[in-house]
Amino acid sequence: MFRTIRAEQEALGLDPWAPFANEEEWHLVKWLIARVGQTAIDEFLKLPIRLTHGHEQASHMNTSFTSKYTLMKAVDRLPQGTKWKLKKITVEGNVVTNGGLHEKEELELWLRDPVDCIRELMGNPQFQNMVSYAPERVFADEEGKTQRFDEMWTGDWWWEMQGRLPEGAVVAPVILASDKTSLSQFRGDQEVWPVYLTLGNISKEIWRQPSKHAAILIAYLPILKLECFTRDTRSAERYRLFHYCMTQVLEPLVSAGQDGVNMTCPDQQVRRMHPIVAAYIADFPEQCLVACCMENRCPKCTVGCDHCGDMRPSAPRKRDLTIENLRLHSRGELSGEIFESELGLRAIHAPFWATLPHNNIFQCMTPNILHQLHKGVFKDHIISWCTDIIGKDALDARFKSMTSYPGLPDYRELQHVFLGVIAGGVENRVIATVHAVLDFVYYAQFQSHTEKTLSHMQAALTSFHANKDVFIELGVWEHFNIPKIHSMIHYAESIRLFGSADGFNTELPERLHIDFAKQAYRASNRHNYVIQMTTWLRRQESLQIQDAYLQWWASKCAADEDSAASEHDSAISNSDSDSDSPSDPGAPELFNVMPRQIRRFTMLMATRGYYLPKTCHFPNTPIQHLIDHHGTSLFIPALKSFIREHAPTIQSHRNLNLQERIDVYKYIMVLLPARPHVSNSKCFFKVRASPVVASKDPRKPPVPARFDTTLLIEERALYNGKGISGLRVGEIKAIFTLPSRFGTFPHPLLYIHWFRPLQTFDNDLRTFRLVRSSRQHQPNAVVLPADLLLHPCYLIPRFSREGVADEPEQFYLNKYIDLELFERLS
């Protein structure tokens with residue numbers, strides 16, 4: 001795509017930033033459209049800003065455009081994405097007017113050709129190293145015995161589709177997402193129904209980020225009340241209208257999926273691609289709408305509405321059988337009792353997926369972690385049931401007793417501490433049920449799975465079903481015929497088919513609504529807004545394409561210069577040296593593949609490091625101040641012990657006193673290696689040891705003290721990078737550097753209060769119980785180098801049955817605070 005744009009510009013003798021005058025004007029255009037309202041652009045351009053061009057001065061903005069109108073005309077000359085089309089639909093209802101005619105409604109369906117949208121995605125050279133063209137078997141071990149399910153091309157579905165297509169064909173797994181959304185907070189009748197498209201060929205790490213523009217809006221479905229129908233038929237007619245509109249939107253995929261389409265890919269190779277609808281991301285009501293089933297049924301299988309709470313699997317829904325049942329019902333050959341009560345179907349006689357090749361729409365329904373697990377099973381049910389058991393006031397009191405941790409008020413963050421909150425307030429079977437749900441939710445969020453992690457997830461589901469009846473026995477619930485609970489039974493199968501579930505969350509369309517719906521609506525005048533939204537989106541896409549093109553052009557120019565310089569250097573090198581081997585194949589390559597911010601880290605090894613701020617937060621702090629405000633009562637003996645161990649020749653440590661001054665820091669950043677199941681990228685954590693800080697604003701309270709607890713490497717010989725061997729929990733009370741008069745030390749230092757070793761395991765909560773370690777009735781304090789700092793952790797206070805924290809302070813090590821700790825401690 002970008003090569004075509006450049007070729008056209010060169011043929012016309014245009015600069016890369018055309019139709020704008022130069023690079024500076026292009027940046028001004030981006031700023032004006034992003035930051036300045038359209039009504040204010042004219043005012044800005046008329047400001048008496050003097051610009052100097054050589055020896056001349058302009059009395060106004062000397063741009064190639066002079067008004068908002070001419071600016072937008074210039075934007076309209078930029079390269080454009082797939083064009084929008086308007087399809088008008090006339091719906092004839094069953095309401096008869098006084099004249100004996102049936103009432104009609106005119107609808108507008110705005111759509112784009114999905115095949116052209118796919119061509120646009122595949123033609124983007126920015127995705128060159130982020131696209132796969134064939135299925136892969138990925139293994140977690142060198143022996144090739146442990147298969148890994150991660151990206152869509154690692155799943156079994158792609159292998160099955162590849163076997164159906166002719167040799168040399170490339171599968172283009174189409175991922176659709178739709179979600180009706182409100183456009184205004186105060187006018188609930190202003191709604192749109194966007195439909196989005198992306199491809200499974202593109203890495204999920206890319207298309208899950210809206211800023212990468214790897215998901216394309218392909219339609220705005222019409223939303224009307226359909227008052228031309230009687231009230232008893234409107235609901236069914238809305239369902240049929242949805243399927244009719246989706247048939248119109250996806251019609252180009254029928255022949256393209258069957259016969260294939262030649263497309264230029266990011267690597268400039270032309271491939272015969274077959275776009276096949278593989279996955280459909282939607283919330284539960286919309287899944288049922290797509291599957292033509294009632295909302296008390298499962299859109300994937302034939303389980304009865306009275307058996308959703310059972311663990312046993314039911315037969316999957318079959319595409320051809322469902323189409324036949326819909327056909328029979330339309331002809332009156334299948335009774336409504338069988339059609340609705342037994343089969344649980346809706347009278348949608350022409351579903352949009354009936355003509356799509358190689359498609360099983362029921363298999364396409366992917367897991368929905370947000371609505372099924374976070375909001376559904378956990379928030380709507382687990383929290384509600386446990387609140388009824390413990391009592392709202394008691395539960396709130398327990399929650400307020402939690403030690404501070406950022407982000408806890410949100411219900412998804414509440415998952416991090418919920419098990420510890422209810423511990424001691426409910427019986428063990430409730431604990432086991434909640435524990436099973438949390439385990440399932442956390443395993444479902446893994447971005448990479450093996451049969452081992454899938455078996456753990458399935459074991460958690462089995463444990464939930466084995467213990468769930470306790471809520472009925474306690475009188476807080478009556479039954480478990482809840483579709484969202486039933487949906488958990490399909491997670492493992494979907495992951496084997498399509499890769500990890502984190503790639504199909506409904507958080508994606510909800511985030512896309514901000515760019516493609518809400519911002520577009522705000523740019524309109526609120527009247528006849530959809531056509532204005534499509535115009536705004538077209539211009540935004542043009543700006544994005546142009547910006548990406550200029551980045552590509554700049555990188556291409558830089559690559560050409562580097563190539564020329566490399567050839568020149570190579571010629572000199574070959575004449576001066578007869579060595580073929582690189583001088584240093586090691587360390588520099590590390591930073592070439594790491595994010596820019598990692599360059600400032602002190603790397604302990606290729607996968608682990610730390611970063612201490614360049615500016616010290618509390619320079620020249622007296623030890624007495626540290627003792628008073630950080631609670632480091634044993635700082636002097638702990639530091640003396642450290643110096644004796646690491647610098648035994650230095651004797652001046654004997655003169656350490658309370659007025660000794662050291663540089664103290666509020667925090668240190670820790671870099672952890674990537675963990676395959678949790679993240680492919682390295683993780684950053686901030687570990688804090690900060691006293692109370694007075695607010696600069698007298699109206700605001702001071703910032704409370706925060707001393708984080710962390711996992712530290714106590715025994716290097718025992719620690720192997722996995723599990724907890726060789727690790728111990730400590731509270732970081734101070735982060736500082738060794739005073740210069742004691743010599744130099746390669747790492748910052750940490751003053752720590754130990755907890756007792758990880759030995760006491762609570763079988764009910766399935767985690768470690770911790771108590772502060774002491775020596776001679778004082779904290780067990782040590783000074784350690786920062787290279788032993790591994791990962792922040794979170795401790796939950798242990799409550800008694802009455803909801804009071806036990807004395808002396810006892811805690812649980814919380815494995816649910818993040819996915820990394822969950823994997824390490826599970």
Side-chain angles (χ1 to χ4, degrees), residues 129-165 167 169-175 198-208 276 278-279 281 300-301 313 316 358 360 362-369 373 439-463 487-505 607 673-681 720-723 819-820 822-826:
N129 298 319
M130 308 162 188
V131 171
S132 179
Y133 306 103
E136 298 178 11
R137 297 285 188 205
V138 179
F139 297 93
D141 59 337
E142 295 181 357
E143 294 79 14
K145 297 180 180 179
T146 305
Q147 185 175 354
R148 175 177 292 165
F149 303 97
D150 186 348
E151 298 282 1
M152 189 174 233
W153 54 78
T154 66
D156 296 336
W157 177 89
W158 199 325
W159 283 98
E160 180 187 347
M161 286 301 112
Q162 197 69 54
R164 296 185 187 182
L165 301 180
E167 186 176 353
V170 176
V171 178
V174 175
I175 302 171
T198 188
L199 293 175
N201 306 81
I202 304 172
S203 171
K204 63 184 179 181
E205 293 296 327
I206 300 303
W207 61 258
R208 285 190 310 180
I276 300 170
I281 302 172
K300 293 181 69 68
C301 72
H358 308 297
N360 181 347
F362 311 113
Q363 198 179 64
C364 288
M365 300 302 168
T366 52
N368 182 352
I369 295 174
L373 300 184
D439 276 5
F440 187 93
V441 171
Y442 274 65
Y443 279 119
Q445 295 177 81
F446 276 16
Q447 74 159 27
S448 175
H449 279 277
T450 63
E451 286 298 336
K452 182 178 180 180
T453 61
L454 291 176
S455 67
H456 288 329
M457 187 170 71
Q458 201 66 16
L461 182 60
T462 301
S463 177
S487 70
M488 297 162 73
I489 202 172
H490 296 299
Y491 271 57
E493 176 194 10
S494 291
I495 290 170
R496 291 186 181 97
L497 283 172
F498 301 112
S500 55
D502 67 313
F504 304 100
N505 206 341
T607 57
R675 298 183 72 86
H677 294 308
V678 179
S679 174
N680 283 332
S681 59
N720 60 5
K722 301 178 181 179
L819 285 174
E820 201 278 339
F822 174 77
E823 184 187 28
R824 181 180 292 276
L825 299 175
S826 292

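Values in this document were obtained by computation on a predicted structure and should not be read as measured data.
- Between I276 and V174, the closest side-chain pair of non-hydrogen atoms is not below 4.5 Å.
- Residues E823 and F446 come closest through the heavy atom pair CB-CZ, 4.1 Å.
- In terms of modelled atom types and a separation under 3.5 Å, the side chain of N201 and the main chain of M152 share no donor-acceptor contact.
- The one candidate from Q447, R148, E151, K204 that meets the side-chain hydrogen bond (donor to acceptor under 3.5 Å, both in side chains) condition with S500 is K204.
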### Message
Walk me through whether Q445 and I369 qualify under side chain to side chain contact (heavy atoms under 4.5 Å, CB included).
### Response
CA-CA 8 Å; Q445 295 177 81; I369 295 174; 4.2 Å; yes
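- Outside the 6.0 Å centre-distance limit, the rings of Y443 and Y491 are not counted as a close aromatic pair.
- Nearest approach of L373 to A444, heavy atoms of both residues: CD1-CB, 3.7 Å.
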### Task
Could you walk me through whether Q147 and D156 pass the side chain to side chain contact (heavy atoms under 4.5 Å, CB included) test, one step at a time?
CA-CA 11 Å; Q147 185 175 354; D156 296 336; 4.1 Å; yes
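- Using cut-offs of 30° and 60° on the angle between ring planes, the pair W207 and F504 is tilted.
- In plain terms, the two heavy atoms of P173 and A278 that are nearest each other are CB-CB, 3.9 Å.
- The closest side-chain heavy-atom distance from M488 to M457 is not below 4.5 Å.
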### Task
Show the numbers, then the answer: is there a side chain to side chain contact (heavy atoms under 4.5 Å, CB included) between N368 and N505?
CA-CA 5 Å; N368 182 352; N505 206 341; 3.6 Å; yes
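- A distance-only check finds a donor-acceptor pair linking the side chain of R208 to the backbone of D502 [under 3.5 Å].
- Remark: K145 NZ to E451 CD distance equals 15.0 Å, nearest 0.5 Å.
- For the pair Q363 and F498, the tightest heavy-atom approach, listed with the atom from each and the gap, is O-CE1, 3.2 Å.
- Checking side-chain atoms of Q162 against main-chain N and O of A169 turns up a donor-acceptor pair under 3.5 Å.
- Applying the side-chain contact (heavy atoms from CB on, under 4.5 Å) test between F149 and each of I495, V138, L497 identifies I495 as the sole match.
- Considering all non-hydrogen atoms of both residues, K452 and S455 come closest at O-OG, 2.6 Å.
- Note on ring orientation: taking the six-membered ring where Trp is involved, the planes of W153 and W158 are perpendicular (angle over 60°, cut-offs 30° and 60°).
- Contact between A492 and L454 at its shortest, heavy atoms only, is CA-CD2, 4.3 Å.
- Annotation: side chain of H456 is not in contact with side chain of S826 (no heavy-atom distance under 4.5 Å).
- Looking only at atom types and distance, the side chain of H449 has a donor-acceptor partner in the side chain of T453 under 3.5 Å away.
- Put simply, the side chain of K300 reaches to within 4.5 Å of the side chain of S494, judged on heavy atoms.
- In terms of modelled atom types and a separation under 3.5 Å, the side chain of T462 and the main chain of Q458 share a donor-acceptor contact.
- A 6.0 Å sphere centred on CD of E142 holds no more than 12 heavy atoms belonging to other residues, nucleotides or ligands.
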